[in-house]
A.B. asks: 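Submitted below is the structure of interest, expressed as structure tokens.
The chains referred to below are lettered A, B, ... by the order of the sequence lines, with proteins before strands, and numbering in each begins at 1. In what follows, every heavy atom counts, from backbone to side chain, and hydrogens, waters and symmetry copies are set aside.
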There are 4 protein chains.
Amino acid sequence: MARQKNQAARRAELLAAAAKAISEHGPGKVRVADIAEAAGVAKGSVHYYFKDLDDLLEQVYREAGERYFTQRLDEVTRHADARDKLIACIRMGLPDGPEDQLTGLLYRTGVELPYNPLRAALAEGLTDRQVGVYVGVLEVGRAQGHFRIAEPVQDVAANLVALEDTYASRIIYRRAPGMLDRAMALILGYARAVTGCPGLTPDRIPDPTEEDPAP
Amino acid sequence: MARQKNQAARRAELLAAAAKAISEHGPGKVRVADIAEAAGVAKGSVHYYFKDLDDLLEQVYREAGERYFTQRLDEVTRHADARDKLIACIRMGLPDGPEDQLTGLLYRTGVELPYNPLRAALAEGLTDRQVGVYVGVLEVGRAQGHFRIAEPVQDVAANLVALEDTYASRIIYRRAPGMLDRAMALILGYARAVTGCPGLTPDRIPDPTEEDPAP
Amino acid sequence: MARQKNQAARRAELLAAAAKAISEHGPGKVRVADIAEAAGVAKGSVHYYFKDLDDLLEQVYREAGERYFTQRLDEVTRHADARDKLIACIRMGLPDGPEDQLTGLLYRTGVELPYNPLRAALAEGLTDRQVGVYVGVLEVGRAQGHFRIAEPVQDVAANLVALEDTYASRIIYRRAPGMLDRAMALILGYARAVTGCPGLTPDRIPDPTEEDPAP
Amino acid sequence: MARQKNQAARRAELLAAAAKAISEHGPGKVRVADIAEAAGVAKGSVHYYFKDLDDLLEQVYREAGERYFTQRLDEVTRHADARDKLIACIRMGLPDGPEDQLTGLLYRTGVELPYNPLRAALAEGLTDRQVGVYVGVLEVGRAQGHFRIAEPVQDVAANLVALEDTYASRIIYRRAPGMLDRAMALILGYARAVTGCPGLTPDRIPDPTEEDPAP
DNA sequence: GATGAATGAGTCTTCATTCAT
DNA sequence: GATGAATGAAGACTCATTCAT
């Protein structure tokens, strides 16, 4: 039992170290040695816990996807007002900067590694879930009377995620300085146009009301 | 086998072969040997024409960027009606499928190679030019009385390019089957919402009028 | 074949094997493969212990310099009579033949590798130390009343080392057969002329007295 | 006939260009391309005139040896007084600095190329000739009553050449700054000791008398 | 359980040499 | 006579993976 516990703990440590190493060297360039060093273990140990580098990389990706989605959902549920939900959701979808570990890992892994159908499916699943979140937020907003949406909600949500993806990618890949603020502005511009809700601005002060207060 | 071609011709051949090899193996994984094989020359010959692999890759990228932009601009100028221009422009921005060589090369090179400021600048420049094209189209549409745009035209154009980017990427990376049609629909949905022009549909029949008739 | 030796031992083996390989192929031509073969290990193993070939070469050189100097000093201290010291010192400074590994390595490395300030400094340091040894011997000889030296002792020592250098080089590079004996005769001729000590002949029988008797 | 002339002229040009290229890159590192560039011809042309690189290198070496010897002999014959002859001879034997093309080429080629019996013999022959020159000078000095030499003249000459060799080499290989002056002082110190001629100093003003005045 | 010494396959790069023109 | 495009052999270096301890 204790043994099992250690096994699992070690694995988790390795996964975390790998995430760090990946964000430093890129998923296509991390070496087993980088990961071992980040974890403070010997190179051989990496293979003791993971079949090979690909195996490890896949698990890191999977785990990162979960974490990303969970964080985001948490942030959305924290707000009661759909306008706040929407703004929070967009903000959570954008990385703070090129060094944002979690977002960077997700974007780069999806793209810098040789094509792999499993990973592609994982990525698509993640996208779908994000779309789901936006759909929910939009419907709540409609119910609350804040949003007036003509287009199919699915489509609007898909476009929101798509915009987010591109701008996140531009931040991660340092395509433009000051991208974060510009991205918020642009996405909210689209959101305003499509919801007819003028309150969707970057500087909106969130309504303090907590939804679903902690039990 | 072929010997004694002239410099420029052989260089161009090598560039084309490299583009092909890249689309097969990915810009981060092509080996000099792949390119040589695709061109039907010896490995050493690649280095006769290009300082090193990076040099070659950069030139392929540069050349692809030019070609992509030119093709697109041609397509836009072919139409007189801004609605046709817009639709054509969007369609040209999306790859036919995962095997679309030109688009794939552009997207993947921007992302699958170790970060390089020069390449990042090139990529940004390309994006800016695309935005410029959309701005032009939108203004023509407004002048023609087809589009009624509330948001700043720059922002709308930026979002159009951003949507295009994400959906193109999803096609390239095989994230979803049937993405091409769906992408057209989604982007045009955004365009309709923001221009108030209901004629912007995937099945619109282009007005036969040629702009700028042959001199 | 041998596995799991400890770091230091294997490093030393590699250094020795490299010295051997260098004396066979010359410092400018040894290949990593030669060294690996001489050591009976795989090519990759050489890089496991040394950053690159230059690194290895430098360490071999450094180590050889130390060894050379130590051997020589030992030989000098073994004798009490300055005449014996001088003769021994000269003899130790000359290689036994073109195959003399240690001397050959030192001479050739200083010269057959692309210029490198560090190595040049190392070489100069070695020369200076040799000069120092000769200065010591000459002063002892003067104190013992054997040598009567008109020129500055520093200059005489410098010339002794210089003569030694050339003749050693001629032996190493097989410039002349029978060079060893001729060199001894020539250098001692110089020594006689400059010290006024007729006892400095190649066939002098060393005084058995040990200096610094075992404690 | 004219053809022959051109052939020979081209060969000579190539030889000169090679000498220059060697002094820049070192005899062990010059590439055919360097030589071609220095000569302003195509790479292929080098092989049109010389069987291979080794062949060319050998001829450069041979030619340099002749030139070196001739220059030196000229300088010696220019003076009538043996003291001036000796000083001039020593000075001519030392390179002006690390960039001295002729001397550098000779020293480095003898040493930086894989051992080759032919080249070794060439080098030995050159040394022997230098020794011969010194022997002549010493005997003239003795005849003029300036030198009083106890040791065999052959040995003294051999040592003079040996000292010269080492110090020249140290200059070429940048082993010590200010080596040229120091070398002159040291070699003349030896010369004074062995000839008993106090007039052999670096600052001696040459007797203007020309020996063998131009016809 | 964990290590790290050792490996060898995989790649890029250099460059003398060849030879069609 | 001369060229320079093209080659291919050679060699250094990287790194995931294995396995004896």
A.B. asks: Assign each of A:Gly44 and D:Val32 to its nearest nucleotide of DNA chain E by heavy atoms, then name whichever residue's nucleotide is nearer the 5' end.
C.D. replies: A:Gly44
A.B. asks: Ignoring hydrogens, what is the shortest heavy-atom contact between C:Ala38 and C:Ala21? Give both atom names and the distance.
C.D. replies: CB-CB, 4.4 Å
A.B. asks: Figure out the CD/C1' separation between D:Gln7 and F:dG1, and round it to whole Å.
C.D. replies: 9 Å
A.B. asks: Any strand is fair game: report the nucleotide pairing with E:dC19 by Watson-Crick or G-U wobble, both distances under 3.5 Å, or none.
C.D. replies: F:dG4
A.B. asks: Are D:Arg62 and D:Glu58 close enough for a salt bridge, meaning some N to O gap below 4.0 Å?
C.D. replies: yes
A.B. asks: Mark yes or no for a side-chain to base donor-acceptor pair under 3.5 Å between D:Lys43 and E:dT17, with no hydrogen or angle criteria applied.
C.D. replies: yes
A.B. asks: Which residue lies toward the 5' end of DNA chain F, C:Arg31 or C:Lys51, if each is placed at its nearest nucleotide?
C.D. replies: C:Arg31
A.B. asks: What is the distance from CG of C:Asp52 to P of F:dC15, rounded to the nearest Å?
C.D. replies: 14 Å
A.B. asks: Closest nucleotide of DNA chain E for B:Leu53 versus for C:Ala42: which of these residues is on the 5' side?
C.D. replies: C:Ala42
A.B. asks: Would you mind classifying the nucleic acid contact of D:Val41 as base, sugar-phosphate or nothing, using non-hydrogen atoms under 4.0 angstrom?
C.D. replies: sugar-phosphate
A.B. asks: Nearest whole angstrom, please: distance from the C1' of F:dA10 to the CG of C:Asp34.
C.D. replies: 12 Å
A.B. asks: Does C:Leu106 offer a backbone N or O that forms a donor-acceptor pair with the side chain of C:Thr109 under 3.5 Å?
C.D. replies: no
A.B. asks: Could you tell me the separation between the CZ atom of B:Phe50 and the C1' atom of F:dA5, rounded to a whole number of Å?
C.D. replies: 14 Å
A.B. asks: Has D:Glu24 got more than 12 heavy atoms of other residues, nucleotides or ligands less than 6.0 Å from its CD?
C.D. replies: yes
A.B. asks: Give the rounded distance in Å between these two atoms: NE2 of B:His47 and P of F:dA10.
C.D. replies: 18 Å
A.B. asks: Using the closest heavy atom to pick a nucleotide of DNA chain F for each, name whichever of A:Asp54 or C:Val30 lands nearer the 5' end.
C.D. replies: C:Val30
A.B. asks: Any donor-acceptor pair under 3.5 Å linking the side chain of C:Arg119 with the backbone of C:Pro114?
C.D. replies: yes
A.B. asks: Would you mind reading off the distance between A:Arg10 atom CZ and E:dG1 atom C1', rounded to a whole angstrom?
C.D. replies: 9 Å
A.B. asks: F:dA5 C1' sits how many Å from B:Leu14 CG, rounded?
C.D. replies: 12 Å
A.B. asks: Starting at NZ of D:Lys29 and ending at P of E:dC15, how long is that distance when rounded to a whole Å?
C.D. replies: 9 Å
